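Below is one structure, written out as structure tokens; comments come after it.
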Amino acid sequence: MSLPAQSHAPTAYLDVLNPEQRLAVETVDGPVLVLAGAGTGKTRVLTTRLAHILLTKRAFPGQVLAVTFTNKAALEMRERVEKLLHGDSAPDQPQSNSGLWLGTFHAIAAKILRRHAEAVGLTASFTILDDDDQQRLIKQLLSEQNIDPAKTPAKLILAIIQSWKDRGLTPAKIPEAHGMADGTAAKIYPIYQNRLRTLNACDFGDLLLHNLTLFGEHPDILQQYAGRFHYILVDEYQDTNIAQYLWLRLLALGHRNLCCV
């Protein structure tokens, strides 16, 4: 699919920006970091930049990836983009079929994972466990291993495992004699992951971790998405963890059109 030719769209949406905001919006190609304090219009810059890319026909909606951290922020971003694209005719509720890949890190990662779940030992109908379900499963595994949960709380083991996942570390990358929780976490981690696969389930940390596995072990899958997303925009970039950084880096390496606010 070829890109549409760039057009000179009406620029009234640019006229309301101050010079610094406008520079951040119009500097479209290449890596851009927008560093500013609260209340300075960072979200306005990000959403206007996204709309600018589409209105100037640099990309189709499906060729832009925009990620943030909360569902509320994602909804607000989508509403703002719809208003910029459609003006007063924008629907009250954002169009879910607009083609934009706009959402939280976890939502986008889950969308990708469901398309390729078999490659990591799951099916597309996998379930995502909440905190309570995860702790119950860890307690069960501790019991099976004859480990006293009173001495080694399931909540602690889960927190350690999640910290590894946030760093993009699979069980194979954790030293067997790892000292955290007297080595119990390192022992339980691979058992936990195997049990999740048996249950056709994952936790929130797995969404990014499995994406990294997909991209690392299946270059064709990585190329499918790195080639799809011509522009990547990230809100609240200061809150990203290592797994999220690695995920973004893999997707942006080819074109480097990455804007972080």
Side-chain angles (χ1 to χ4, degrees), residues 67 69-71 103-222 225 236 238-251:
V67 288
F69 282 87
T70 68
N71 290 322
T104 64
F105 276 96
H106 289 117
I108 299 297
K111 183 176 180 178
I112 292 173
L113 183 58
R114 289 199 187 278
R115 295 183 173 193
H116 310 281
E118 291 79 6
V120 294
L122 301 170
T123 73
S125 61
F126 66 81
T127 57
I128 302 173
L129 303 186
D130 61 21
D131 289 343
D132 290 339
D133 289 333
Q134 294 170 51
Q135 288 194 46
R136 277 193 288 270
L137 180 54
I138 293 291
K139 287 179 181 178
Q140 180 181 341
L141 297 179
L142 289 172
S143 176
E144 292 175 2
Q145 297 297 313
N146 296 314
I147 298 171
D148 186 356
K151 294 182 179 179
T152 312
K155 189 173 183 179
L156 172 62
I157 299 301
L158 186 60
I160 295 171
I161 290 175
Q162 291 305 322
S163 73
W164 285 332
K165 291 185 179 185
D166 288 345
R167 291 158 58 193
L169 299 176
T170 61
K173 296 179 181 178
I174 303 299
E176 189 172 334
H178 200 288
M180 297 186 75
D182 296 326
T184 300
K187 179 180 180 180
I188 292 295
Y189 188 13
I191 300 173
Y192 175 64
Q193 292 302 97
N194 287 335
R195 187 63 58 85
L196 286 174
R197 286 188 175 88
T198 300
L199 296 170
N200 193 35
C202 64
D203 58 31
F204 279 100
D206 282 325
L207 298 175
L208 268 295
L209 191 67
H210 284 328
N211 268 229
L212 293 178
T213 299
L214 285 172
F215 294 163
E217 297 182 358
H218 302 274
D220 57 321
I221 295 178
L222 172 59
Y225 293 97
E236 304 291 355
Q238 74 278 0
D239 292 332
T240 53
N241 59 37
I242 294 174
Q244 291 162 341
Y245 162 76
L246 293 172
W247 184 79
L248 289 168
R249 184 174 182 272
L250 287 168
L251 290 173

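Being a predicted model, the structure only gives us computed values, none of them experimental.
- One finds the CG atom of Leu158 at 11.0 Å from the NZ atom of Lys139 (value rounded to the nearest 0.5 Å).
- In terms of the salt bridge (charged side-chain N to carboxylate O under 4.0 Å, His left out) criterion, Arg197 has no residue partners (sequence neighbours excluded).
- The minimum heavy-atom distance between Leu207 and His106, with the atom names listed, is CD1-O, 3.7 Å.
- Side-chain contact, Asp203 with Gln162: a donor N or O sits under 3.5 Å from an acceptor N or O.
- Residues forming a salt bridge (charged side-chain N to carboxylate O under 4.0 Å, His left out) with Glu236 (at least two apart in sequence, or on another chain): none.
- Counting non-hydrogen atoms of other residues, nucleotides and ligands closer than 6.0 Å to CG of Asn71 gives a total of 12 or fewer.
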* To do: Test side-chain contact (heavy atoms from CB on, under 4.5 Å) on Leu196 and Leu129 and set out the steps.
  => CA-CA 9 Å; Leu196 286 174; Leu129 303 186; 3.5 Å; yes

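- In plain terms, the two heavy atoms of Ala117 and Ala124 that are nearest each other are CB-N, 3.8 Å.
- Heavy-atom contacts from other residues, nucleotides or ligands closer than 6.0 Å to OH of Tyr189 number more than 12.
- Put simply, the residue from Val67, Asn211, Leu251, Leu113 that forms a side chain to side chain contact (heavy atoms under 4.5 Å, CB included) with Ile108 is Val67.
- Between Gly168 and Leu209 the shortest heavy-atom distance is C-CD1, 3.6 Å.
- The residue from Asn200, Leu199, Asp206 that alone fulfils the side chain to side chain contact (heavy atoms under 4.5 Å, CB included) condition with Cys202 is Asp206.
- Ile157 and Ala185 get closest at one heavy-atom pair: CD1-N, 3.9 Å.
- Expressed to the nearest 0.5 Å, how far OG1 of Thr170 lies from CG of Leu212 amounts to 10.0 Å.
- Ring planes of Phe69 and Phe105: tilted class, angle from 30 to 60°.
- Aromatic ring pairs are classed by plane angle as parallel below 30°, tilted from 30° to 60° and perpendicular above 60°; the pair Tyr225 and His116 is perpendicular.
- Considering only heavy atoms from C-beta on, Lys111 comes within 4.5 Å of Arg115 through its side chain.
- Contact detail for Phe126 and Ala110: the closest heavy-atom pair is CZ-O, 4.4 Å.
- In this structure, the separation between CG on Leu137 and CD on Gln134 is 8.5 Å, given to the nearest 0.5 Å.
- Rounding to the nearest 0.5 Å gives a distance of 12.5 Å between CG of Asn241 and NZ of Lys165.
- Around atom NZ of Lys155, no more than 12 heavy atoms belonging to other residues, nucleotides or ligands sit under 6.0 Å away.
- Interatomic distance, CG of Leu142 versus CD of Gln135, reported as 11.0 Å (0.5 Å rounding).
- Pairing each heavy atom of Leu208 with each of Trp247, the nearest pair is CD1-CG, 3.5 Å.
- How far CD1 of Ile188 is from CG of Leu141: 5.5 Å, rounded to the nearest 0.5 Å.
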